[in-house]
*Asks:* 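I'd like to ask some things about the structure below.
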Amino acid sequence: MAMWLMKSEPEEFSIEALAKVAREPWSGVRNYQARNFMRDAMRKGDKVLFYHSNCAQPGVVGIAEVASAAYPDPTQFDPDSEYYDPKSTPSAPRWLLVDIAFVRQLKRVITLDEIRNQAGQLGDFALIRRGNRLSVMPVSASQYQHILALEHAA
DNA sequence: GCCAACGTTGGC
DNA sequence: GCCAACGTTGGC
């Protein structure tokens, strides 16, 4: 089983919103590297660190899991969607997504600051690489455990 | 709201 | 295939 970190802007779709709906198609990813992770490497049951970005307190706020195989993102075909991609066609869809299911909300936010402070133990980690903008990225098992262990740390 | 960093686009 | 221009991300 692999682990991932997925970013979401809480004003767009927060961990509370995921808790409410239980399951959500992860639409709107328009970055090839992020798409490739979903298309080629994600498996049902993989664990996901749910991260709030572009907000007052960026950090990991919950746990989710991959709930489907990859399939075409329907918003790419919808002219009324902000994610509409006129260059994509149903016979050759450019953008794929997976469904994400709520597992639990963390007792507190594990902030980006705290995660940065663990850089030594975490090793190479896309989230804290300079200038990183990926919204879907792999997390190793030890990184996953290390980050979650911070939830109950002082 | 600012802006550094980065990905994508398109002219050549 | 290069690379300048442009748009977006996301921390601050």
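Chain letters run A, B, ... following the sequence lines, proteins first and then strands; every chain starts at 1.
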*Asks:* At under 4.0 Å between heavy atoms, what does A:R129 touch on the DNA or RNA strands: base, sugar-phosphate, or nothing?
*Replies:*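 Nothing: the residue A:R129, judged by heavy atoms under 4.0 Å, touches no strand.
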*Asks:* Taking the ring centre of each residue, are A:Y32 and A:W95 less than 6.0 Å apart?
*Replies:*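 Yes: the rings meet the under 6.0 Å criterion.
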*Asks:* Between C:dG10 and A:K7, is there an OP1 or OP2 to side-chain N/O distance shorter than 4.0 Å?
*Replies:*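 For C:dG10, OP1/OP2 do have a side-chain N/O of A:K7 under 4.0 Å.
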*Asks:* Atom NE2 of A:H52 to atom C1' of C:dG10: distance rounded to whole Å?
*Replies:*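 Answer to the nearest Å: 14 Å.
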*Asks:* Remember a base hit wins even if backbone is also touched, and classify A:I128 as base, sugar-phosphate or nothing at under 4.0 Å, heavy atoms.
*Replies:*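 A:I128: no heavy atom of the nucleic acid under 4.0 Å.
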*Asks:* Below 4.0 angstrom from OP1 or OP2 of B:dG10, is there any side-chain N or O of A:K87?
*Replies:*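 For B:dG10, OP1/OP2 do have a side-chain N/O of A:K87 under 4.0 Å.
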*Asks:* Nearest whole angstrom, please: distance from the C1' of C:dG10 to the CD of A:Q57.
*Replies:*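 Answer to the nearest Å: 15 Å.
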*Asks:* By nearest atom, which of the nucleotides B:dT8, B:dT9, C:dG10 is closest to the A:Y32 side chain?
*Replies:*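 Side chain of A:Y32 sits closest to B:dT8.
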*Asks:* Checking A:S27 now: which residues fulfil side-chain hydrogen bond (donor to acceptor under 3.5 Å, both in side chains) with it, not counting sequence neighbours?
*Replies:*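 In terms of side-chain hydrogen bond (donor to acceptor under 3.5 Å, both in side chains), with neighbours along the sequence ignored, A:S27 is linked to no residue.
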*Asks:* Of the options C:dG10, B:dG10, B:dG7, whose atoms approach the side-chain atoms of A:N31 most closely?
*Replies:*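 Nucleotide nearest to A:N31's side chain: B:dG7.
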*Asks:* According to a 4.5 Å side-chain heavy-atom criterion applied to Ile, Leu, Val, Met, Phe, Trp and Tyr, with indirect links allowed, do A:W4 and A:L96 form part of one hydrophobic cluster?
*Replies:*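 No, A:W4 and A:L96 fall in different hydrophobic clusters.
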*Asks:* Whole angstroms only, please: what is the CG-P distance between A:L134 and B:dA5?
*Replies:*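 Rounded to the whole Å, the gap is 17 Å.
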*Asks:* Between A:Y83 and A:D78, do the side chains contain an N or O donor and an N or O acceptor separated by less than 3.5 Å?
*Replies:*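 No, no side-chain donor-acceptor pair sits under 3.5 Å.
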*Asks:* Starting at atom CG of A:D85, determine the distance to atom C1' of B:dG7, rounded to an integer number of angstrom.
*Replies:*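 After rounding, the gap between these two atoms is 15 Å.
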*Asks:* Strictly under 6.0 Å, is that where the ring centroids of A:W26 and A:F50 end up?
*Replies:*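 Yes, the ring of A:W26 comes within the 6.0 Å limit of the ring of A:F50, centre to centre.
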*Asks:* For A:N132 and C:dC12, what is the distance between atoms CG and P respectively, to the nearest whole Å?
*Replies:*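 Going from CG in A:N132 over to P in C:dC12 covers 13 Å.
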*Asks:* I want to check one thing: is the phosphate of C:dG11, taken as OP1 and OP2, less than 4.0 Å away from some side-chain N or O of A:Y51?
*Replies:*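 Yes, such a contact exists.
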*Asks:* Tell me which nucleotide among B:dG10, B:dA5, C:dG10 gets nearest to the side chain of A:R130.
*Replies:*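 Closest nucleotide to the A:R130 side chain: B:dA5.
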*Asks:* For A:M6 and C:dG10, what is the distance between atoms CE and P respectively, to the nearest whole Å?
*Replies:*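 Atom-to-atom, A:M6 to C:dG10, this comes out as 13 Å.
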*Asks:* Any base atoms under 4.0 Å from A:R30, or only sugar-phosphate, or nothing? Heavy atoms, all strands.
*Replies:*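 Nothing, no heavy atom under 4.0 Å.
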*Asks:* To the nearest Å, give me how far apart CG (A:L127) and C1' (C:dT9) are.
*Replies:*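 Distance check: A:L127 CG to C:dT9 C1' gives 13 Å.
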*Asks:* Report the distance from atom CZ of A:R35 to atom C1' of B:dG7, rounded to the nearest whole Å.
*Replies:*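 For the pair A:R35 CZ and B:dG7 C1', the rounded distance is 14 Å.
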